[in-house]
A.B. asks: 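Sharing a structure, written as structure tokens. Questions coming.
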There are 2 protein chains.
Amino acid sequence: MPRPTTPLLSQAGIRASALEIIDRDGLDGLSMRKLAAALGVSAPALYFHYPTKEQLLDDVANEIIEKVDVSAFTHGWREGLLTWARSYRAALAEHPNIVPFLARGPGQRDASLRRADAIHGGLVAAGWPPREATMIGASTKYLVVGAAMGSFSRGFVDDVQVYLDRYPSLGDAHRLREHADAVDRDSFEFALLMFVDGLAARLGGR
Amino acid sequence: MPRPTTPLLSQAGIRASALEIIDRDGLDGLSMRKLAAALGVSAPALYFHYPTKEQLLDDVANEIIEKVDVSAFTHGWREGLLTWARSYRAALAEHPNIVPFLARGPGQRDASLRRADAIHGGLVAAGWPPREATMIGASTKYLVVGAAMGSFSRGFVDDVQVYLDRYPSLGDAHRLREHADAVDRDSFEFALLMFVDGLAARLGGR
DNA sequence: TGGTTCAACTAACGGTGTTAAGTTAGCATG
DNA sequence: CATGCTAACTTAACACCGTTAGTTGAACCA
């Protein structure tokens, strides 16, 4: 069945289906064969539209990062930073399974760089020295990526009783599992505000 | 050649060789066959000592986390937190290639939990409400894991000129690549201090 | 109309983690 | 001391992976 009258595949369609599988089955749950099957096509057909799986994932990741809002630096660095960080985290939290890939390597993801530029520019325009602007950008990214990993609250397995017995100081943390998402969200917000407070004190003390 | 007179393999030896390969060839560079070859043995022999690759990696990760210092909470929460965060980051920076695995899933890594317990206990003992102690622990971990990913400075590929042309505001960031490690280390220290300053202000303001 | 290009196909390669079955050294027991 | 069980390895093989090669026939342009 060669060259169908109307194309069966498109880059956008492939990306959408790939993201769907990642969301449902995890990053390791995505294989080219499974993806092809979901699109009603054989695996090598995908390689006509994407040269490699890596490239496809790069594009999917790009699509997600595109939604991050870096526009609020016009309302001051504090507002800009908070808006950026929150929308960044929200974007990742919507597709947590792709975060390990995101974090692995930068690849060819243009969107990240365009945003890094906007952020750095916004901070410098607000009076931060370039070197500190760089560090603030990096720091915020650390927070977002770290939080997106959810490594803390997800560090508790389902069978909680075991840990309660062994680690008494964890105390009220025994309900961490059931409130995992809320804890992650609150902790991120907490960390972000502490960090920005620290920044404000530093900038104000000059 | 069955059952050699003296065992060729041990869990510790397997872990050591695995970590060596990971450090040298990256996380994806570790395969059971390559690991077996490095140990002068056939691949299935490993499965006598480790039920699965995942379990092996869990153990390797555990070994690394074991080195994290959580003892300094006896000198106050500030000192305890700083020491923990710095030694945590140092431990990960020593084996950056395993960080993506670390972040992927918590697995059965006992060491993480024993440390979470110590940290939570130390913070509460120093006067932090349990709920905030949980968030402080989580936040610090976000910073460490995020920084270990080095996702910011490594987000710039080798060919820098391309980005200079396209993203003018990046300005002095054009030397990011060559100073990548230094930038990461400084940014982490910066973020940590800003965060702890924010914390101190919050605790002091009560 | 003819030739080229496109978008799919099947077959296959080398790699992966892992399981099954075979072989024999070491150890415990009668 | 012989017997049997377990331990620690072997080779062969399974199902899957990302990817490449070679084929087919519809669509498009001259």
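Note on naming: letters A, B, ... go to the chains in the order of the sequence lines (proteins, then strands), and numbering restarts at 1 for each one.
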A.B. asks: With the threshold set at under 4.0 Å for non-hydrogen atoms, list the residues of residues 11-27 of chain B touching DNA chain C in residue-number order.
C.D. replies: none
A.B. asks: Rounded to whole Å, how long is the line connecting atom CZ of Phe101(B) with atom P of dG17(C)?
C.D. replies: 13 Å
A.B. asks: Whole Å only: how far is the OH atom of Tyr50(B) from the C1' atom of dT19(C)?
C.D. replies: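 Rounded to the whole Å, the gap is 20 Å.
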A.B. asks: Tell me: CD of Gln55(B) to C1' of dG17(C), nearest whole Å?
C.D. replies: 15 Å
A.B. asks: What is the distance, rounded to the nearest whole Å, between atom CG of Asp28(A) and atom P of dG18(D)?
C.D. replies: 10 Å
A.B. asks: Are any non-hydrogen side-chain atoms of Ile136(B) and Ile119(B) less than 4.5 angstrom apart?
C.D. replies: no
A.B. asks: What residues, two or more places apart in sequence or in another chain, satisfy side-chain contact (heavy atoms from CB on, under 4.5 Å) together with Asn97(A)?
C.D. replies: Ile22(A)
A.B. asks: Quick one: which of dC9(D), dA7(C), dT19(D) gets closest to the side chain of Phe48(A)?
C.D. replies: dA7(C)
A.B. asks: Looking for any heavy atom pair under 4.0 Å, which part of the strands does Ala45(B) touch: base, sugar-phosphate only, or nothing?
C.D. replies: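 If one applies the 4.0 Å heavy-atom cut-off, Ala45(B) turns out to touch a base.
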A.B. asks: Under the side-chain contact (heavy atoms from CB on, under 4.5 Å) rule, collect the residues that match up with Glu66(B), sequence neighbours excluded.
C.D. replies: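 With sequence neighbours excluded, Glu66(B) shows a side-chain contact (heavy atoms from CB on, under 4.5 Å) to Asn62(B), Ala111(B), Arg114(B), Arg115(B), given in chain and number order.
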A.B. asks: Do Ile14(A) and Asp59(A) touch side chain to side chain, with heavy atoms closer than 4.5 Å?
C.D. replies: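 Counting from C-beta outward, Ile14(A) and Asp59(A) never come under 4.5 Å.
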A.B. asks: Would you say a side-chain N or O of Thr52(A) is under 4.0 Å from OP1 or OP2 of dT19(D)?
C.D. replies: yes
A.B. asks: Not counting sequence neighbours, which residues clear side-chain contact (heavy atoms from CB on, under 4.5 Å) with Ala90(B)? List them please.
C.D. replies: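 Per chain and number, Ala90(B) pairs via side-chain contact (heavy atoms from CB on, under 4.5 Å) with no residue.
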A.B. asks: Given dT18(C), dG18(D), dT10(C), which nucleotide is nearest the side-chain atoms of Lys53(A)?
C.D. replies: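 My answer, after comparing the listed nucleotides, is dG18(D).
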A.B. asks: Restricting to side-chain contact (heavy atoms from CB on, under 4.5 Å), what partner residues turn up for Ala43(B), sequence neighbours left out?
C.D. replies: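 Partners of Ala43(B) under the side-chain contact (heavy atoms from CB on, under 4.5 Å) test: Arg33(B), Ala36(B).
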A.B. asks: Which of these nucleotides, dC9(D), dT18(C), dA8(C), is closest to any side-chain atom of Ala43(B)?
C.D. replies: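 It is dT18(C).
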A.B. asks: For residues 80-94 of chain B, pull every pair meeting salt bridge (Lys or Arg N to Asp or Glu O under 4.0 Å), keeping only residues two or more places apart or in separate chains.
C.D. replies: Arg86(B)-Glu189(B)
A.B. asks: Scan for ring pair (Phe, Tyr, Trp, His ring centres under 6.0 Å) pairs involving residues 45-77 of chain B, sequence neighbours excluded, and state none if there are none.
C.D. replies: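 Passing the test, one end in residues 45-77 of chain B: Trp77(B)-Trp128(B).
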A.B. asks: Among all residues two or more places apart in sequence or in another chain, which pass the salt bridge (Lys or Arg N to Asp or Glu O under 4.0 Å) test with Glu63(A)?
C.D. replies: Arg15(A)
A.B. asks: Just the rounded figure in Å: distance from P of dT20(D) to CG of Leu46(A).
C.D. replies: 13 Å
A.B. asks: Among residues 29-39 of chain B, which contact DNA chain C at a heavy-atom distance under 4.0 Å?
C.D. replies: Leu30(B), Ser31(B), Met32(B), Arg33(B)
A.B. asks: Looking at Ser42(A), does any N or O in its side chain come under 4.0 Å of the phosphate oxygens OP1/OP2 on dA8(C)?
C.D. replies: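 Checking dA8(C) against Ser42(A), no side-chain N or O comes under 4.0 Å of OP1 or OP2.
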A.B. asks: Of all the choices, dA7(D), dA12(D), dA21(D), which nucleotide is nearest to the side chain of Pro44(B) once you look at every atom?
C.D. replies: dA12(D)
A.B. asks: With respect to the side chain of His49(B), which nucleotide from dC6(C), dT18(C), dC9(D) is positioned closest?
C.D. replies: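 Among the listed nucleotides, the one closest to the side chain of His49(B) is dC9(D).
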A.B. asks: Measure from the side chain of Val41(B), starting at C-beta and using heavy atoms only, and say which of dG17(C), dA8(C), dT10(D) lies closest.
C.D. replies: dT10(D)
